[in-house]
Amino acid sequence: MTAHTFELNGVRVLELPAEGPRLREALELIALASEHQADLVAIPAGRLDEDFFKLASGVAGELVQKFVNYRLRLAILGDISARVAESNALRGFVIEANRGQQLWFLEDREALAARLR
């Protein structure tokens, strides 16, 4: 799996490229983050399976829980406003996630940098 690691406001970030297969399994990504000593993993929204955004599927909960279990922070980067507009459940999930420190839904790397300040 190709990824880029860098420091952002004192946090080591592992960022996946926008292009590539849809993510279906978290453990390979968690192992890669551990290998690169990353504190936070940034995933482009386009790399996530559509079921991730359908909360009833349980995909989002399962993925996020694995990151929590390994004490890795997660940022989903990209415009998901159309999906949020279609789902009250997803809207609530995004709002609550962005209030915390474990999972964020952000527009881009600049928004991530601002959040980490």
Side-chain angles (χ1 to χ4, degrees):
M1 182 179 297
T2 305
H4 175 69
T5 308
F6 57 94
E7 291 281 326
L8 191 58
N9 295 324
V11 176
R12 189 151 177 84
V13 177
L14 176 75
E15 182 178 40
L16 293 184
E19 299 300 319
R22 301 253 183 202
L23 295 175
R24 299 188 186 276
E25 178 55 48
L27 292 180
E28 182 180 341
L29 188 53
I30 290 168
L32 186 62
S34 178
E35 181 181 314
H36 290 277
Q37 299 177 337
D39 303 306
L40 185 146
V41 176
I43 302 173
R47 295 286 303 272
L48 295 169
D49 192 77
E50 284 300 314
D51 283 344
F52 178 90
F53 299 101
K54 297 174 185 167
L55 297 184
S57 73
V59 172
E62 186 177 317
L63 182 111
V64 171
Q65 187 60 51
K66 286 181 182 174
F67 277 85
V68 169
N69 289 347
Y70 286 90
R71 294 189 171 107
L72 271 173
R73 292 160 59 183
L74 179 61
I76 308 302
L77 304 180
D79 181 8
I80 62 166
S81 60
R83 290 182 178 110
V84 167
E86 294 173 359
S87 170
N88 288 334
L90 182 59
R91 182 180 314 111
F93 182 65
V94 168
I95 289 169
E96 286 301 314
N98 284 342
R99 287 182 181 158
Q101 296 296 316
Q102 188 65 40
L103 169 66
W104 295 328
F105 291 86
L106 304 166
E107 282 289 321
D108 51 31
R109 190 189 290 185
E110 291 76 26
L112 177 58
R115 198 62 202 260
L116 290 172
R117 281 190 198 110

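If you read the sequence from its start, that first residue is 1, and numbering goes on from there.
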Pairs touching residues 12-23 that satisfy side-chain hydrogen bond (donor to acceptor under 3.5 Å, both in side chains), sequence neighbours left out: Glu15-Arg109
Following the transitive rule for hydrophobic clusters with a side-chain heavy-atom cut-off under 4.5 Å over Ile, Leu, Val, Met, Phe, Trp and Tyr, establish whether [X] and [Y] coincide in one cluster.
| X | Y | value |
| --- | --- | --- |
| Val84 | Val64 | yes |
| Ile30 | Leu103 | yes |
| Val41 | Leu116 | no |
| Val68 | Val11 | no |
| Leu16 | Val13 | no |

Atom OH of Tyr70: over 12 foreign heavy atoms under 6.0 Å: no
Whether over 12 other heavy atoms sit under 6.0 Å from Glu7 CD: yes
Working to the nearest 0.5 angstrom, can you tell me the gap between [X] [atom1] and [Y] [atom2]?
| X | Y | atom1 | atom2 | answer |
| --- | --- | --- | --- | --- |
| Leu106 | Ile76 | CG | CD1 | 9.5 Å |
| Leu14 | Thr5 | CG | OG1 | 4.5 Å |
| Arg115 | Leu8 | CZ | CG | 13.0 Å |
| Leu112 | Glu107 | CG | CD | 12.5 Å |
| Gln101 | Leu40 | CD | CG | 10.5 Å |
| Leu48 | Ile80 | CG | CD1 | 9.0 Å |

Aromatic plane relationship, Phe105 with Phe52 - under 30° parallel, 30 to 60° tilted, over 60° perpendicular: tilted
Step-by-step side-chain contact (heavy atoms from CB on, under 4.5 Å) determination, His36 to His4: CA-CA 9 Å; His36 290 277; His4 175 69; over 6 Å; no
Can you name the closest pair of heavy atoms from [X] and [Y] and give their distance?
| X | Y | value |
| --- | --- | --- |
| Ala45 | Gly78 | CB-CA, 4.4 Å |
| Arg91 | Ala85 | NH2-O, 3.5 Å |
| Leu63 | Ala26 | CD1-CB, 3.8 Å |
| Leu90 | Phe53 | CD2-O, 3.9 Å |
| Ala38 | Leu72 | O-CD2, 3.2 Å |
| Ala3 | Pro17 | CA-CD, 4.2 Å |

Steps toward salt bridge (charged side-chain N to carboxylate O under 4.0 Å, His left out) verdict (Glu86, Lys54): CA-CA 10 Å; Glu86 294 173 359; Lys54 297 174 185 167; over 6 Å; no
Chi angles and distances behind the side-chain contact (heavy atoms from CB on, under 4.5 Å) call for Leu74, Gln102: CA-CA 6 Å; Leu74 179 61; Gln102 188 65 40; 5.7 Å; no
